[in-house]
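The structure appears right after this line, and notes come after that.
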Amino acid sequence: MGYFLAVANRKGGVGKSTISVMLAHAFAVWGNKRVLLIDLDAQSNSSLILTGNQQWIDAQRNSRNIAAYIEDRMYGQNPIADYVIKGVGDIETDAGTNAPIDLLPGSLQFEDMQDELISHYSRHNTPFRQAKARCAEHFRRAFHFAAPLADIIILDCAPGISNATQAALRLADQVIVPFRPDSVSEFAVDKISMIIEAKDPEALLATPHNERRYKCLANYVRPGGQDQIFIDTIAADHPTLSTQMPMSGDLANAFFWSPERQTLEEKYADAASHMAALYRELSAHIPI
């Protein structure tokens, strides 16, 4: 059964989608794992990185996306595999074969779909809190059906805490919380950590770092050392990976889809060493 790895933060612009794709690439190529990425963000950035524009458009037209899957599950039991695109990405293995990465694409309709699901469970004067809980459970069950499809299922969560994100955080075996080194991120990490662990601030602080289900990752780190102050502040209260992802042109360029397949080293250029460090550190904590 697959290992669920969520990538989440309440704050936008912290690189959740790029980190999700990076981990998909690393585990598929260096880890030789079957990877499924589920795109829960209506912006669909990770889907576009892995498919390019036309294949993503085709997925919308053919109802092969997360919104169609969730909607169809309200009225039937269509298997999740029917909505998954196999063999996505522009990365090849060292043997020259396609990296084993599949995708359940994102959809611009996903936010509307979540509102529709709440309405569905609010019928017959069902209290809103109960309808919301049933909606979150609907998502959790729907995502869990992906377990047999891959060794690692990466859940790329949208900013904020939607019902879908709450379900992903509940289901995840581990959560990666990317953050920018700034004061806003301190508050965002504090908030999402309490949701992940389902604890109030005092109970969370009393929980040892090695017993928590999440790890923070400093992203877009700038040279000069000023960012390290924010990183150290967050690391004092939260489990934080020692690997730091730099502000890098090579990293930014790596997330443009190419029609020609490349090796990881060709795609990530000088940033491949940072990616390798992240993969080594994180894979040590994933028992697969």
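Just so it is clear, the values below take in all heavy atoms, side chains as well, and ignore hydrogens, waters and symmetry mates.
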Can you confirm whether [X] sits close enough to [Y] that some side-chain heavy atom of one is under 4.5 Å from a side-chain heavy atom of the other?
| X | Y | result |
| --- | --- | --- |
| Ile101 | Lys33 | no |
| Pro159 | Arg10 | no |
| Leu37 | Leu50 | yes |
| Pro105 | Asp39 | no |

Start with the C-alpha distance between Leu264 and Met22, add both sets of side-chain angles, then the distance that settles side-chain contact (heavy atoms from CB on, under 4.5 Å), and finish with yes or no. CA-CA 10 Å; Leu264 282 183; Met22 190 184 305; over 6 Å; no
Regarding [X] and [Y], is there a side-chain donor-to-acceptor distance under 3.5 Å anywhere?
| X | Y | value |
| --- | --- | --- |
| Lys215 | Thr240 | no |
| Ser17 | Ser20 | no |
| Ser242 | Glu281 | yes |
| Ser47 | Thr51 | no |
| Arg73 | Asn78 | no |
| His209 | Asp237 | no |
| His25 | Tyr268 | yes |

Tyr279: partners by ring-ring contact (aromatic ring centres under 6.0 Å, His included), with sequence neighbours left out: Phe27, Trp30
Under 6.0 Å from the [atom1] atom of [X], do we count more than 12 heavy atoms belonging to anything else shown?
| X | atom1 | result |
| --- | --- | --- |
| Asp94 | CG | no |
| Gln244 | CD | yes |
| Asn32 | CG | no |

side-chain contact (heavy atoms from CB on, under 4.5 Å) between Ile66 and Ile38, worked out: CA-CA 8 Å; Ile66 183 66; Ile38 300 179; 4.1 Å; yes
Within this structure, what is the SG-CG distance for the pair Cys157 and Leu155, rounded to the nearest 0.5 Å? 6.0 Å
Does the pair Ser283 and Ile286 meet the rule for a side-chain contact (heavy atoms from CB on, under 4.5 Å), with working shown? CA-CA 5 Å; Ser283 61; Ile286 296 181; 5.5 Å; no
In terms of the angle between their ring planes, are Phe110 and Phe139 parallel, tilted or perpendicular, with boundaries placed at 30° and 60°? perpendicular
Is any side-chain N of the basic residue among Arg134 and Glu137 closer than 4.0 Å to the acidic one's carboxylate O? no
Give a yes or no on whether a salt bridge exists between Asp90 and Lys267, defined as a side-chain N under 4.0 angstrom from a carboxylate O. yes
Shortest non-hydrogen contact from Glu111 to Ala42? CG-CB, 4.0 Å
Test: Arg180 cationic atom under 6.0 Å from Tyr220 six-membered ring centre, within 45° of axis: yes
